[in-house]
Amino acid sequence: MRHVLHQLKKYKRDTFLCIGLTAMEVVMEILLPLITSLIIDEGLEASNLPAVYRYGILMVVMAFLSLVFGALAGKFAASAASGLSANLREAIYANIQTFSFSNIDKFSVPGLVTRMTTDITNVQNAFMMVIRVAVRSPLNLIFSFAMCLIISVRLSMMFLIAVVFLVVVLGAIMLATMKIFDRVFKKYDDLNASVQENVSAIRVVKAFVREDYENSKFGKASANLYKMFVKAEGLLAFNNPAMMIAVYFCIISVSWFGAQFIVGGTLSTGDLTSLFSYIMSLLMSLMMLSMVVVMITMSLASVRRIDEVLSETPDLKNPENPVEEVEDGSIDFNHVNFSYKHGSGKNALSGIDLHIKSGETIGVIGGTGSGKSSLVNLICRLYDVDDGSVCVGGRDVREYDMEALRNQVSVVLQKNTLFSGTILENLRWGNPEATDQECMEACKAAYADEFIDRMPDGYHTRIERGGANVSGGQKQRLCIARALLKKPKVLILDDSTSAVDTATDAKIRAAFAREIPGTTKIIIAQRISSVQDADRILVLDNGRVDAFDTHENLLKTNAIYQEIYESQVKGGGDFDQPA
């Protein structure tokens with residue numbers, strides 16, 4: 001809760017103004033029944049018309065002030081609650097940007113989406129109700145009960161019995177439903193995951209005619225959520241019967257004993273009239289409090305989920321005096337061991353000892369799960385090693401400012417992402433200051449200009465979300481051009497030419513040698529043709545270095561490389577290359 005409320009920031013003023021104005025509104029409302037009592041006792045029963053006018057005008061003024069205070073309190077409540085939700089979304093989003101990959105692995109994407117939408121909306125609604133209703137109701141309840149004590153101590157005991165009864169019942173309901181709502185929001189994550197997976201892979205679903213299966217899967221997630229909500233709301237439904245019991249108990253007991261006191265002369269008619277007004281005010285306050293209990297019960301589960309993200313600290317941090325400049329593109333792996341879960345004993349990489357000179361072109365090849373992507377993730381410090389060190393430009397990557405390091409180590413993934421916007425806007429992710437000419441030159445080096453020139457709006461063609469309106473090969477070439485705009489000292493291609501034909505692949509590699517000769521290039525590939533011209537080729541097997549040599553030497557000495565070569569070249573060649 002402390003982390004959440006800390007996000008009020010500049011909206012603290014609106015919060016306190018709302019609380020103060022609500023208190024003033026309550027004071028005005030509490031005094032109105034007292035004025036009514038004076039009108040009856042001192043005006044009507046005494047036949048004193050001037051007193052009726054005097055107290056009547058006072059009632060109108062107090063009612064008007066109550067209305068003004070209430071309207072202003074509502075305005076400030078809306079401002080504070082909306083401001084809190086906006087700050088929470090910004091804080092969560094900003095904190096996610098600082099996460100390392102290991103932090104992100106703890107939260108599913110649908111879970112983060114639910115936290116930033118449903119959970120924050122719950123907190124916003126609850127906060128507005130707390131600073132408005134949860135302030136108004138207790139004050140109303142306390143002042144009403146105080147006025148009842150002033151009028152008749154004995155009759156006020158009836159309210160005390162009702163209040164104790166409601167506190168016990170509502171407390172029991174709240175404890176029971178909190179546990180259910182914790183599970184409800186986890187079901188929300190499952191539902192969002194089902195929707196996100198289906199929408200993002202809709203082409204695959206239709207290609208394999210799996211609509212019925214996906215409908216069934218979504219139906220199960222929705223049904224689970226329905227059952228949990230029914231259970232929670234079923235318990236919360238006991239609020240109203242409990243409230244009605246308290247209301248009728250108070251009305252009947254005050255009517256019965258009040259009538260006896262009037263007959264006995266210990267209570268006036270005006271006092272009993274105002275007492276009934278205070279009864280209704282007190283009971284309405286209790287009813288509103290029960291609504292607040294429901295909202296708070298739901299929001300507490302959301303608060304905990306939001307706090308999990310806000311309190312998550314990045315596993316990777318900059319050192320106290322970080323190095324800002326990367327000297328060159330040399331890379332050294334010094335006896336590196338790495339696992340995704342530290343201490344698990346399941347290493348993704350073991351005993352890696354490599355030394356790459358600046359400007360070299362290195363091919364990396366190996367089977368699925370051999371550790372190729374894990375290896376390059378350590379170079380740009382997306383993860384930290386368990387043992388040993390990874391050095392770039394002669395320095396341990398942990399000594400660098402992470403932004404400075406990643407600006408000099410460009411990574412192009414196989415499934416890189418394009419964002420909504422024009423081609424130029426996507427390219428400038430690599431360098432926001434790049435000119436149109438620089439963007440065009442990068443596209444020529446990546447051989448993306450071939451298809452861009454054919455597009456109706458050229459470089460101003462709009463890319464749909466996720467690059468839905470370009471092919472896989474076109475998307476990869478745009479991502480390569482984007483990486484080249486950073487003018488990096490190290491360029492990593494993580495199987496990023498898998499969707500282009502071998503002829504274009506060869507042209508791109510030739511352009512690299514021509515355009516960025518001083519940049520260290522690491523090419524991860526499944527095709528021999530993509531790496532055979534590299535200065536040296538690294539063969540990985542089960543997270544270990546099996547061989548590191550030239551294409552010619554590996555063909556003579558390494559069994560794994562020979563097997564891959566035989567299956568691809570002598571077995572019929574690449575998919576678009578004759579044997």
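This structure is a prediction, so every number in the text was calculated from the model and none was measured.
Contact record, T422 with Y459: CB-O, 4.1 Å, taken as the closest heavy-atom pair. Taking every heavy atom of both residues into account, V303 and V4 meet most closely at CG1-CG2, 3.9 Å. When every heavy atom of E464 is checked against every heavy atom of N469, the shortest pair comes out as N-OD1, 3.0 Å. The two residues T461 and M455 have their closest heavy-atom pair at OG1-CB, 3.4 Å. Summarising the geometry of A483 relative to V412, their closest heavy-atom pair is CB-CG2, 3.4 Å, with the distance given to 0.1 Å. In terms of heavy atoms, P322 sits closest to Y400 at CB-C, 3.9 Å.
Between T118 and S302, every side-chain heavy-atom pair lies at or beyond the 4.5 Å cut-off. I524 is not listed as a side-chain neighbour of L493, based on a closest heavy-atom distance of 4.5 Å or more. A 4.5 Å side-chain heavy-atom check between T121 and T117 finds every atom pair outside the cut-off. Between D384 and L316, the closest side-chain pair of non-hydrogen atoms falls below 4.5 Å. A heavy-atom distance below 4.5 Å is not found between the side chains of V390 and D332. In this structure the side chain of K75 never reaches within 4.5 angstrom of the side chain of L21, judged on heavy atoms. A heavy-atom distance below 4.5 Å is not found between the side chains of I522 and L375. Put simply, the side chain of F99 reaches to within 4.5 Å of the side chain of V309, judged on heavy atoms.
Put simply, CD on E399 and OG on S389 are 9.0 Å apart, with the number rounded to the nearest 0.5 Å. For the atom pair CD of E425 and SG of C439, the computed distance is 11.0 Å after rounding to the nearest 0.5 Å. With rounding to the nearest 0.5 angstrom, the CG atom of N426 is 8.0 Å from the CD1 atom of I423. With rounding to the nearest 0.5 angstrom, the CD1 atom of I492 is 12.0 Å from the OG1 atom of T519. The CZ atom of R305 sits 11.0 Å away from atom CD1 of I120, with the distance rounded to the nearest 0.5 Å. Atom CD1 of I131 and atom CG of L84 lie 9.0 Å apart (nearest 0.5 Å).
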L378/F333 under side chain to side chain contact (heavy atoms under 4.5 Å, CB included): CA gap, chis, key distance, verdict
CA-CA 9 Å; L378 298 179; F333 284 79; 4.3 Å; yes
So L310 and L88, side chain to side chain contact (heavy atoms under 4.5 Å, CB included) or not? Walk me through it.
CA-CA 9 Å; L310 289 177; L88 277 174; 3.9 Å; yes
Test side chain to side chain contact (heavy atoms under 4.5 Å, CB included) on C443 and I452 and set out the steps.
CA-CA 9 Å; C443 288; I452 295 173; 3.7 Å; yes
Trace of the salt bridge (charged side-chain N to carboxylate O under 4.0 Å, His left out) decision for R89 with D119
CA-CA 10 Å; R89 286 191 180 95; D119 287 326; over 6 Å; no
Could you go through the side chain to side chain contact (heavy atoms under 4.5 Å, CB included) check for N347 and F338 one step at a time?
CA-CA 6 Å; N347 283 356; F338 167 71; over 6 Å; no
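Although no hydrogens or angles enter the test, the distance criterion places no donor-acceptor pair under 3.5 Å between the side chain of K486 and the main chain of L491. The backbone N or O of C391 lies less than 3.5 Å from no partner atom in the side chain of D396, so there is not a single donor-acceptor pair. Without hydrogens or angle criteria, K372 side chain to V364 main chain gives no donor-acceptor distance under 3.5 Å. Looking only at distances, a side-chain donor or acceptor of N318 sits under 3.5 Å from a matching main-chain atom of M402. The backbone N or O of P488 lies less than 3.5 Å from no partner atom in the side chain of N407, so there is not a single donor-acceptor pair. No donor-acceptor distance shorter than 3.5 angstrom exists from the side chain of S82 to the backbone of S79, with no hydrogens or angles considered. At distances below 3.5 Å, at least one donor-acceptor pair connects side-chain atoms of E438 with backbone N or O atoms of T435. A donor-acceptor distance shorter than 3.5 angstrom exists from the side chain of S311 to the backbone of D307, with no hydrogens or angles considered.
No more than 12 heavy atoms of other residues, nucleotides or ligands lie within 6.0 Å of NZ in K10, so this atom counts as exposed by the packing criterion. Enclosure of atom CD in Q97 by more than 12 non-hydrogen atoms of other residues, nucleotides or ligands within 6.0 angstrom is indicated. Open room surrounds CZ on R395; 12 or fewer heavy atoms of other groups in view lie less than 6.0 Å from it. Summarising the local packing, CD of E324 is surrounded by more than 12 heavy atoms from other residues, nucleotides or ligands at distances under 6.0 Å. Heavy-atom neighbours of F419 CZ from other residues, nucleotides or ligands within 6.0 Å: above the threshold of 12.
Taking a cutoff of 4.0 Å between a charged side-chain nitrogen and a carboxylate oxygen, E214 and R210 do not qualify as a salt bridge. Residues E308 and R115 are paired through a salt bridge, judged by an N-O separation under 4.0 Å between the basic side chain and the carboxylate. Salt bridge status for R406 with D401: absent, with no side-chain N to carboxylate O gap under 4.0 Å. Residues R132 and E25 are paired through a salt bridge, judged by an N-O separation under 4.0 Å between the basic side chain and the carboxylate.
When only modelled atom types and interatomic distance are considered, N122 and S299 share no side-chain donor-acceptor pair under 3.5 Å.
Residue I379 is tested with I356, V409, L405, T520 for a side-chain contact (heavy atoms from CB on, under 4.5 Å); the sole match is V409.
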